[in-house]
2 protein chains.
Amino acid sequence: MRLTAKSEYGLLAVIDLACSFGSGPVSAREIAERREIPPRFLEQLFVALRRGGVVSAVRGARGGFVLTRDPAQITVLEVVESLEGSLETSVCDSERSSGCARSGACAAAPVWAKATAALRDVFATTSIAELAGNQQIMDASAPGKR
Amino acid sequence: MRLTAKSEYGLLAVIDLACSFGSGPVSAREIAERREIPPRFLEQLFVALRRGGVVSAVRGARGGFVLTRDPAQITVLEVVESLEGSLETSVCDSERSSGCARSGACAAAPVWAKATAALRDVFATTSIAELAGNQQIMDASAPGKR
DNA sequence: GCAATTATTACCGAATCAGTAGGGATTACG
DNA sequence: CGTAATCCCTACTGATTCGGTAATAATTGC
């Protein structure tokens, strides 16, 4: 299991898009400035998010990114898995050495499975809309740039 | 958040100790052979487990390691945190850049906090005794070396 | 004393992380 | 039509971590 800066930055970017949902595309550069994310790094994250079906891109001048669905229909799980890969295959790497090399006969397996399930549950039941709500409250009471 | 081979190997080793709980110390070499863990690597893990208060060492010939308490009183959380460090400080690394550099004002923070709490809960409510039960069933129905 | 065992420290190759860089393709706008 | 803005793709890089090895010292049972 790994949660890296990709998830952190990527989720913030998706939240930002949710705040502008319905107002046309937002450029990666704009989000990078507003959320203080390294711009070239963010570009890469958007590529992954597009491939994961979370955002779609509008190319050319005045282009940018748009969420593919209503923020309430997008879960944190989709964002995290687009950026980091599947959670299942990454706890205790049950994939890599073809099932811990103890495949099936690993006494610890049940607890790793429960851990993955718990994480998936948290991420799957949290929508982007929910987090965007937090963001708008914070943006309102901040030295706002928006 | 990170779960690496340390946790996998370390948990298996602690489970092995639980299976022999009450019969004196078990050497790292013996466990390494039985559970197919690289022996020198396992030695390092035992150092961390000792510092975490999970095992105590008996030095010298016929020495080895013993659980500090009854397996039912030791949780997976203790083992994992001894080996990987605190779970809290490792989801989205809320420690490193002094709180995401957005400290307090991070719209994504609640979901990371929930994720950590969910993981902690799974690990804190699973005892070593529970997993040792699995192990003994598997050892019984295997081409046993024990 | 000797053999078995843990303790400590250092080291190493490979992979991953967190970005950076350079160029190309596409499109709005004047 | 030209140009600037924007996304797209590939490659590169320095730092860190991972997974593990090695050498050596300290401790203890026999």
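Letters A, B, ... are given to chains in the order of the sequence lines, protein chains preceding strands, and every chain is numbered from 1.
Checked against dT6(C), dC8(D), dC18(D), the side chain of T4(B) finds its nearest nucleotide in dC18(D). In the set dT5(C), dT20(C), dA7(C), the nucleotide with an atom closest to the side chain of R29(B) is dT5(C). For E43(A), counting side-chain heavy atoms from C-beta on, the closest listed nucleotide (dC8(D), dT20(C), dG20(D)) is dC8(D). The side chain of F41(A) has dA18(C) as its nearest neighbour among dC7(D), dA18(C), dA26(D).
Closest heavy-atom contact between L67(B) and A18(B): CD1-CA, 3.7 Å. Looking at every heavy atom in both residues, S86(A) comes nearest to E81(A) through CA-OE2, 3.6 Å. Closest non-hydrogen pair, A115(A) versus L119(B), comes out as CB-CD2, 3.6 Å.
Between the P atom of dA7(C) and the CZ atom of F46(B) lies a distance of 10 Å, rounded to the nearest Å. Protein atom CG of L45(A) is 14 Å distant from nucleotide atom C1' of dC7(D), rounded to whole Å. Counting to the nearest Å, the P atom of dC17(C) and the CD1 atom of I37(A) are 18 Å from each other. Taking atom CG on L42(B) and atom C1' on dA7(C), their separation rounds to 14 Å, with Å as the unit. For the pair R51(B) CZ and dA7(C) P, the interatomic distance rounds to 9 Å; values are reported in whole Å. Rounded to an integer number of Å, the gap from L49(A) CG to dC7(D) P is 13 Å.
Evaluation of atom-type donor-acceptor distances gives no pair under 3.5 Å for the side chain of R59(B) against the base of dA7(C). In terms of polar N and O atoms assigned as donor or acceptor, the side chain of R40(A) comes within less than 3.5 Å of the base of dG22(C) in a complementary pairing. Applying the 3.5 Å distance criterion, the base of dT21(D) shares a donor-acceptor pair with the side chain of Q44(B).
Two residues, K6(A) and A61(A), neighbour DNA chain C, and the one matched to the more 5' nucleotide by heavy-atom proximity is K6(A).
Among the protein residues, F65(B) comes within range of the sugar-phosphate backbone only, with heavy atoms under 4.0 Å from sugar or phosphate atoms but none that close to a base. Contacts of G60(B) with the nucleic acid, taken as non-hydrogen atoms under 4.0 Å apart, include base atoms.
Side-chain nitrogen and oxygen atoms of Y9(A) include at least one within less than 4.0 Å of the OP1 or OP2 phosphate oxygen of dG19(C).
Under the side-chain contact (heavy atoms from CB on, under 4.5 Å) test applied with Y9(B), the options I37(B), T4(B), L83(B) reduce to a single match, I37(B).
Between R35(B) and E30(B), no side-chain nitrogen of the basic residue sits less than 4.0 Å from a carboxylate oxygen of the acidic one, so the salt-bridge criterion is not met.
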